Amino acid sequence: MSEVFADLHIHIGRTYTGKAVKITGSRNLTLTNILRAAKYPKGLDIVGVIDCHSPEVIMEIERLIHEEKLVEMEDGGFRYEDEVTLIPGTEIEVYDENCHGPIHVLAYFPTLSTLKDFSVWLSARVTNIQLSTQRIYENAKPLQEKVKSLGGLFIPAHIFTPFKSLYGKGVARTLTEILEPSLIDAVELGLSSDTKMADQITELHDYTFLTNSDAHSTQKIAREYQKMDLETPTFAAFSLALKNQGKNKIIANYGLNPRLGKYYRTTCAVCSEPMEGFICSSCGSEKYTKGVSERISELANANANANKPKRPPYIHQVPLDFIPGLGPKTMQNLLDHFGTEMDILHRVKGEDLKEVVNAQLAEMIIQAREGHLQIAAGGGGKYGKVKKS
């Protein structure tokens with residue numbers, strides 16, 4: 001058994017030839033650069049890269065295999081330079097006749113052959129197979145069935161985000177309006193919610209919760225992640241961890257305090273000021289973006305807390321780049337001394353930090369680990385902020 005850190009929702013901005021995949025992703029966010037960044041400076045053990053359906057990304061996987069930098073493992077997944085596991089996947093937008101609004105879902109595949117098979121199947125159902133998060137012209141349940149027929153994992157993405165998620169606008173009340181519950185392997189919470197909030201909805205009690213970065217740049221990789229106990233760092237062991245089977249399990253979820261997320265509170269859609277009623281007190285607009293906290297309150301079940309499952313701890317960890325005063329030079333100095341971001345956040349003692357940075361900043365890093373920093377809430381597409389002490 002080994003403890004591993006995993007971020008399973010990372011986008012590809014461009015292919016190795018420079019073609020766009022995720023339009024809003026960084027230009028240097030190629031598959032190879034993701035794998036390098038996962039190794040250093042992030043210190044992750046497993047990454048899920050969710051634009052691997054793109055034909056040129058598949059070509060890059062094959063190229064890395066040919067160069068012997070990437071090795072396909074017998075139990076699924078790929079090993080990069082014998083240090084980082086790649087689990088290839090895709091993000092898809094579903095907006096069928098059952099949806100009230102578009103939802104995003106994630107699918108992961110164990111092998112190159114199953115990834116290729118899915119890419120071919122998907123290419124007949126999207127406008128542009130090269131790009132990320134394309135709308136699929138197919139109902140959600142047949143999509144689930146296809147993923148499962150290939151030995152894949154099906155996971156609804158950032159389920160409370162206001163615009164393109166299961167509970168944001170996708171359903172009126174319940175996931176059964178769109179999805180087949182038995183074909184869901186886990187759910188991804190997103191940046192504006194946590195375990196305590198999500199467990200207010202009874203139908204989610206059956207599913208493992210994942211916390212991932214949804215990174216659009218290398219800098220944002222591992223702003224949310226999980227720690228797992230796995231028998232081996234493979235697709236098969238990860239699949240078992242989602243079901244808490246054998247000795248494989250998720251030990252802890254590390255995520256932003258929901259108040260740091262972009263959609264925690266309801267805000268005016270015109271001026272982005274917080275709203276408590278139906279008319280903005282700042283500009284008078286009646287248009288608003290409903291916050292995740294308010295949406296969960298609408299969906300909450302009265303008896304949910306009495307029946308909630310035992311879950312791993314959700315640790316409100318503040319990413320290092322959110323900490324005031326921790327700029328690029330200081331960050332590099334910390335990395336030079338201690339190795340990786342995972343080392344800084346999990347392994348380095350407080351007294352050792354104080355030998356490299358000033359006492360105030362060292363204390364803020366320690367508080368960031370434990371979720372004790374003071375937060376100003378975000379909303380309306382703007383992140384919350386850490387208050388300076």
Side-chain angles (χ1 to χ4, degrees), residues 6-12 21-22 24-25 29 31 34 44 46-54 57 76-77 85-96 99 102-111 114-115 118-119 121-122 125-126 129 131-136 138 140-161 163-168 170-171 175 178-181 183-191 193 198 204 207-216 220-226 228 235 238-239 241-243 250 253 255:
D7 179 0
L8 300 157
H9 188 151
I10 302 170
H11 281 284
I12 292 175
V21 180
K22 185 69 174 179
T24 55
L29 198 62
L31 175 62
I34 290 168
L44 291 169
I46 298 178
V47 289
V49 181
I50 51 83
D51 294 321
C52 289
H53 67 280
S54 182
V57 177
T85 294
L86 165 66
I87 296 179
T90 182
E91 184 174 30
I92 304 159
E93 182 169 300
V94 177
Y95 197 0
D96 64 26
C99 296
I103 70 171
H104 286 182
V105 299
L106 306 171
Y108 301 93
F109 299 95
T111 65
T114 53
L115 176 65
F118 184 78
S119 181
W121 181 86
L122 184 64
R125 293 164 174 81
V126 297
I129 190 64
L131 296 179
S132 169
T133 325
Q134 291 287 283
R135 178 181 175 183
I136 185 172
E138 179 67 87
K141 291 179 182 178
L143 169 61
Q144 288 181 277
E145 291 166 357
K146 182 62 180 180
V147 171
K148 300 307 289 183
S149 74
L150 293 170
L153 299 170
F154 183 91
I155 298 172
H158 44 71
I159 57 174
F160 299 112
T161 301
F163 302 109
K164 295 185 177 182
S165 75
L166 186 63
Y167 293 108
V171 301
L175 62 81
I178 301 172
L179 300 173
E180 168 52 50
L183 300 181
I184 298 172
D185 293 286
V187 296
E188 181 187 71
L189 296 184
L191 303 183
S193 63
L204 292 179
Y207 304 113
T208 294
F209 291 162
L210 295 179
T211 42
N212 299 313
S213 68
D214 194 358
H216 288 49
K220 297 302 182 185
I221 293 172
R223 62 180 168 182
E224 293 201 345
Y225 55 94
Q226 39 271 308
M228 298 186 286
F235 182 94
F238 168 59
S239 300
L242 296 182
K243 306 299 183 186
I250 294 178
N253 296 102

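This structure is a prediction, so every number in the text was calculated from the model and none was measured. In what follows, residues are counted from 1 in the order of the sequence shown.
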Rounded to the nearest 0.5 Å, how far apart are [atom1] of [X] and [atom2] of [Y]?
{"X": "Leu115", "Y": "Cys52", "atom1": "CG", "atom2": "SG", "answer": "6.0 Å"}
{"X": "Phe154", "Y": "Lys148", "atom1": "CZ", "atom2": "NZ", "answer": "9.5 Å"}
{"X": "Leu183", "Y": "Leu153", "atom1": "CG", "atom2": "CG", "answer": "12.0 Å"}
{"X": "Thr161", "Y": "Leu166", "atom1": "OG1", "atom2": "CG", "answer": "11.0 Å"}
{"X": "Ile159", "Y": "Ser193", "atom1": "CD1", "atom2": "OG", "answer": "6.5 Å"}
{"X": "Ile46", "Y": "Gln226", "atom1": "CD1", "atom2": "CD", "answer": "9.5 Å"}

Can you find a pair of side-chain heavy atoms, one from [X] and one from [Y], that are under 4.5 Å apart?
{"X": "Val94", "Y": "Cys99", "value": "yes"}
{"X": "Ile10", "Y": "Lys220", "value": "no"}
{"X": "Val187", "Y": "Phe160", "value": "no"}
{"X": "Ile92", "Y": "Val126", "value": "no"}
{"X": "Leu175", "Y": "Tyr207", "value": "yes"}
{"X": "Val49", "Y": "Leu31", "value": "yes"}
{"X": "Ile155", "Y": "Tyr108", "value": "yes"}
{"X": "Lys164", "Y": "Glu93", "value": "yes"}

Before we go on, tell me: are the rings of Phe109 and Phe118 under 6.0 Å apart, centre to centre?
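Ring centroids of Phe109 and Phe118 are less than 6.0 Å from each other.
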The residue among Thr133, Thr24, Asp214 that forms side-chain hydrogen bond (donor to acceptor under 3.5 Å, both in side chains) with His11 is Asp214
Distance-minimising heavy-atom pair for [X] and [Y]:
{"X": "Ile103", "Y": "Ser165", "answer": "CG2-O, 3.3 Å"}
{"X": "Leu189", "Y": "Ala198", "answer": "CD2-CB, 3.6 Å"}
{"X": "Leu29", "Y": "Ala215", "answer": "CD2-O, 4.1 Å"}
{"X": "Lys146", "Y": "Ser149", "answer": "O-OG, 2.7 Å"}
{"X": "Ser213", "Y": "Leu191", "answer": "O-CD2, 4.3 Å"}
{"X": "Gly152", "Y": "Asp185", "answer": "O-OD2, 4.2 Å"}

Strictly below 4.0 Å, N to O, side chains only: are Asp7 and Arg223 in salt-bridge contact?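 No salt bridge links Asp7 with Arg223.
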Requested in this report: Taking only Lys NZ, Arg NE, NH1 and NH2, and the carboxylate oxygens of Asp or Glu, determine whether Asp96 and Lys141 approach each other closer than 4.0 Å.
Outcome: no
Original post:
Taking it one step at a time, do Ser119 and Ile129 satisfy side-chain contact (heavy atoms from CB on, under 4.5 Å)?
Top reply: CA-CA 8 Å; Ser119 181; Ile129 190 64; 4.0 Å; yes
Taking atom types as modelled, find out whether Thr90 and His53 have a side-chain donor-acceptor pair closer than 3.5 angstrom.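 Yes - a donor-acceptor pair under 3.5 Å links their side chains.
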Would you check if there is a donor-acceptor pair between the side chains of Glu224 and Asn253 at a distance under 3.5 Å?
no
(message) Go through it in stages, so that I can follow the logic: the residues are Leu204 and Phe209, the test is side-chain contact (heavy atoms from CB on, under 4.5 Å), and I'd like the CA-CA distance, side-chain angles, deciding distance and then a yes or no.
(response) CA-CA 9 Å; Leu204 292 179; Phe209 291 162; 4.1 Å; yes
So does [Y] get a backbone contact from the side chain of [X], meaning a donor-acceptor N/O pair under 3.5 Å?
{"X": "Thr114", "Y": "Thr111", "answer": "yes"}
{"X": "Gln144", "Y": "Glu180", "answer": "yes"}
{"X": "Asn212", "Y": "Tyr225", "answer": "no"}

So Glu91 and His9, side-chain contact (heavy atoms from CB on, under 4.5 Å) or not? Walk me through it. CA-CA 9 Å; Glu91 184 174 30; His9 188 151; 3.6 Å; yes
TODO: Specify whether His104 and His158 have parallel, tilted or perpendicular ring planes, treating 30° as the upper limit for parallel and 60° as the lower limit for perpendicular.
DONE: perpendicular
TODO: Quick one: do Leu179 and Ile184 satisfy side-chain contact (heavy atoms from CB on, under 4.5 Å)? Show the steps, please.
DONE: CA-CA 8 Å; Leu179 300 173; Ile184 298 172; 3.9 Å; yes
